Peer 1: 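Quick one: structure below, then a few questions.
Since the structure is predicted, the reported quantities are computational estimates derived from the model, not experimental observations.
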Amino acid sequence: MTFPPAERPHAGTGGAAGIVVVGAGLAGLRTAEGLRRHGWEGLVTVVGDEAHMPYTRPPLSKKLLLEGGDHASVELRRRACEHPTEWRLGRRAVAADLDRGTVTLDDGTELAYEGLVAATGVRPRRLPDSVGGPRTVLRTLDDALALGERLTPGARVVVIGAGFIGCEVAATALSRGCQVCVVAIDDVPMRVPLGPMVGAELRRRHADAGVFFHLGLGVDAVDGSGVVLSDGTRLDADVVVEAIGSRPATDWLEGNGLDLADGVACDGFLRLGGRPRTVGVGDVARFPNALYDGAPRRVEHWQVAVDTGMYAAATLVADLTGTPPEQPFRTVPTFWSDQAAVSLRALGQPGLGTEVEVLEGDLAGDAAIGYRRDGTLVGVLLLGMPRRMGVYLRRLTTELEAARA
């Protein structure tokens with residue numbers, strides 16, 4: 001890869017680093033660009049534990065896994081900038097001292113900072129080591145490239161987990177001619193984010209396409225030829241994919257008095273624990289959303305990574321220049337999931353809903369499903385109907401604003 005002069009990966013040994021962005025994914029990149037947009041002209045150092053420049057992750061379980069590709073096919077476009085940005089790739093942050101203003105990398109390098117961005121995202125959850133056997137996960141570009149080589153026609157694939165990633169991998173593997181089984185402890189796919197009614201419909205669609213489900217069951221063991229379920233059932237497998245969720249990458253922030261119970265807790269301006277000159281963005285950040293009830297939550301969606309990055313950049317520059325932001329962070333999260341048998345687009349936070357209704361269409365076909373809590377619309381899911389996104393985004397935003405007025 002060729003880098004502009006101000007973007008060459010850095011091999012230095014330490015020293016002052018201006019603003020340090022820990023995490024070289026979408027959220028880290030957009031925060032770094034947001035800093036320039038808001039007037040920061042000093043050095044920005046971006047630390048990333050992968051060797052690749054920032055790339056987008058959604059295609060990893062869909063188009064790239066289905067059709068193949070390389071880094072160039074998923075690389076994120078970077079905005080040109082005359083001010084210096086250093087990329088320390090293939091390096092992992094192992095510690096931070098927020099009182100001293102330093103970050104320590106896995107090679108012993110200590111970076112001093114004026115401002116800090118936590119953008120380390122999440123890591124895949126894994127089954128206990130006692131389960132044994134060869135198992136793979138899908139989180140990185142290298143994961144996707146390695147898995148794609150194994151999804152050959154006729155391969156027996158067992159996917160453990162029926163969330164978004166699990167269902168996307170299952171659908172893609174099926175499209176590549178594999179025999180696919182999905183195992184999950186829930187009774188329907190995607191129960192937690194979308195509820196039992198929608199989950200049952202998604203199961204029906206995937207099953208009609210040819211995916212076999214073993215739901216309400218755990219995994220007792222994995223060996224070189226298959227998977228043993230908690231009821232004793234054995235599934236033959238050439239490929240076993242773990243997709244049982246994720247955990248925030250916060251270990252490097254330990255020892256600073258922060259709330260790391262589920263990601264790093266941020267205030268309404270995305271500051272880490274309310275500390276000036278430090279912010280959290282993307283999947284690792286747990287923050288209150290001023291459009292909702294003020295409870296801090298993590299939201300693992302592509303658009304939220306962009307939105308938090310741009311907002312946190314403004315907060316950080318304001319802290320460094322003495323002009324604090326006036327309005328707390330607010331956003332309507334949006335996300336999508338293409339699963340061959342179904343295309344999902346969601347607005348807001350459906351998982352917060354306690355009442356679910358079909359707003360338009362037919363659940364067995366194209367439909368808009370509304371999620372309400374205490375009578376207020378908090379999320380909308382579209383099965384198909386992509387042209388209705390704008391209509392429901394406006395409706396959802398209006399109802400949320402009215403409820404908070």
Peer 1: Apply salt bridge (charged side-chain N to carboxylate O under 4.0 Å, His left out) to Asp70 and list each qualifying residue two or more places apart in sequence or on a separate chain.
Peer 2: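 Asp70 satisfies salt bridge (charged side-chain N to carboxylate O under 4.0 Å, His left out) with no other residue.
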
Peer 1: Look only at the side chain of Tyr371 and the backbone of Glu357, and say whether a donor-acceptor pair between them is shorter than 3.5 Å.
Peer 2: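 Answer holds: no.
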
Peer 1: Among Asp262, Asp259, Thr250, whose side-chain hydrogen bond (donor to acceptor under 3.5 Å, both in side chains) with Arg286 holds?
Peer 2: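 By the side-chain hydrogen bond (donor to acceptor under 3.5 Å, both in side chains) criterion, Arg286 pairs with just one of Asp262, Asp259, Thr250: Asp259.
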
Peer 1: One thing to verify: whether Asp223 and Arg234 come together as a salt bridge, which I'm taking to mean a side-chain N less than 4.0 angstrom from a carboxylate O.
Peer 2: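 Salt bridge present between Arg234 and Asp223.
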
Peer 1: Suppose we screen for side-chain hydrogen bond (donor to acceptor under 3.5 Å, both in side chains). Which residues come up paired with Arg36, at least two apart in sequence or across chains?
Peer 2: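 Not a single residue meets the side-chain hydrogen bond (donor to acceptor under 3.5 Å, both in side chains) criterion with Arg36.
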
Peer 1: Determine, for Asp319 against Arg271, whether the closest basic-nitrogen to carboxylate-oxygen distance falls under 4.0 angstrom.
Peer 2: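 The answer is yes: the pair qualifies as a salt bridge.
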
Peer 1: Using a 6.0 Å cut-off, check whether atom CG of Asp208 has over 12 heavy atoms from anything other than its own residue.
Peer 2: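 Yes, because the 6.0 Å sphere around CG of Asp208 holds more than 12 heavy atoms from other groups.
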
Peer 1: Ignoring hydrogens and angles, tell me if any N or O in the side chain of Arg297 forms a donor-acceptor pair with the backbone of Asn289 under 3.5 Å.
Peer 2: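 No: the side chain of Arg297 does not pair with the backbone of Asn289.
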
Peer 1: For atom CG of Leu359, decide whether the heavy atoms of other residues, nucleotides or ligands shown that lie under 6.0 angstrom number more than 12.
Peer 2: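 For Leu359, atom CG is crowded (more than 12 foreign heavy atoms under 6.0 Å).
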
Peer 1: Going by the angle between their ring planes, with limits at 30° and 60°, are Phe269 and Tyr311 parallel, tilted or perpendicular?
Peer 2: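 Parallel: the ring planes of Phe269 and Tyr311 meet at under 30°.
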
Peer 1: May I ask you to decide whether Arg373 forms a salt bridge with Glu355, counting only side-chain N to carboxylate O separations under 4.0 Å?
Peer 2: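 Result for this pair is no, no salt bridge flagged.
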
Peer 1: So, does Arg345 use its side chain to make a donor-acceptor pair with the main chain of Pro386 at under 3.5 Å?
Peer 2: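 It does not hold such a pair.
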
Peer 1: Glu50 and salt bridge (Lys or Arg N to Asp or Glu O under 4.0 Å): which single residue from Arg139, Arg57, Arg88 fits?
Peer 2: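 Per the salt bridge (Lys or Arg N to Asp or Glu O under 4.0 Å) rule, the option paired with Glu50 is Arg57, out of Arg139, Arg57, Arg88.
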
Peer 1: Is the side chain of Thr278 donor-acceptor paired with the backbone N or O of Arg275 at a distance under 3.5 Å, no angle test?
Peer 2: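 Between the backbone of Arg275 and the side chain of Thr278 there is a qualifying donor-acceptor contact (under 3.5 Å).
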
Peer 1: Could you work out, with salt bridge (charged side-chain N to carboxylate O under 4.0 Å, His left out) as the rule, every residue matching Asp238, not counting sequence neighbours?
Peer 2: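 Applying salt bridge (charged side-chain N to carboxylate O under 4.0 Å, His left out) to Asp238 gives Arg156.
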
Peer 1: Taking Arg91 for its side chain and Asp49 for its backbone only, find out whether a donor-acceptor pair lies under 3.5 Å.
Peer 2: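 It does not hold such a pair.
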
Peer 1: Salt bridge or not for Glu114 and Arg277, using N-O below 4.0 Å?
Peer 2: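 So Glu114 does not pair with Arg277 through a salt bridge.
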
Peer 1: Is the shortest side-chain N to carboxylate O distance from Glu242 to Arg125 below 4.0 Å?
Peer 2: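 Looking at Glu242 and Arg125, the cut-off is not met.
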
Peer 1: For Thr308 and Ala305, indicate whether the former's side chain and the latter's backbone hold a donor-acceptor pair under 3.5 Å.
Peer 2: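 Answer holds: yes.
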
Peer 1: Salt bridge or not between Glu300 and Arg298? Use side-chain N to carboxylate O under 4.0 Å.
Peer 2: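 Between Arg298 and Glu300 there is a salt bridge, with a charged N closer than 4.0 Å to a carboxylate O.
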
Peer 1: Counting distance only, does the side-chain N/O of Asp97 pair as donor-acceptor with the main-chain N or O of Arg100 below 3.5 Å?
Peer 2: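 Yes; at least one donor-acceptor contact below 3.5 Å.
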
Peer 1: Does this structure show an ion pair linking Glu33 with Arg78, if we count only N-O contacts that are shorter than 4.0 Å?
Peer 2: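 Salt bridge: no.
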
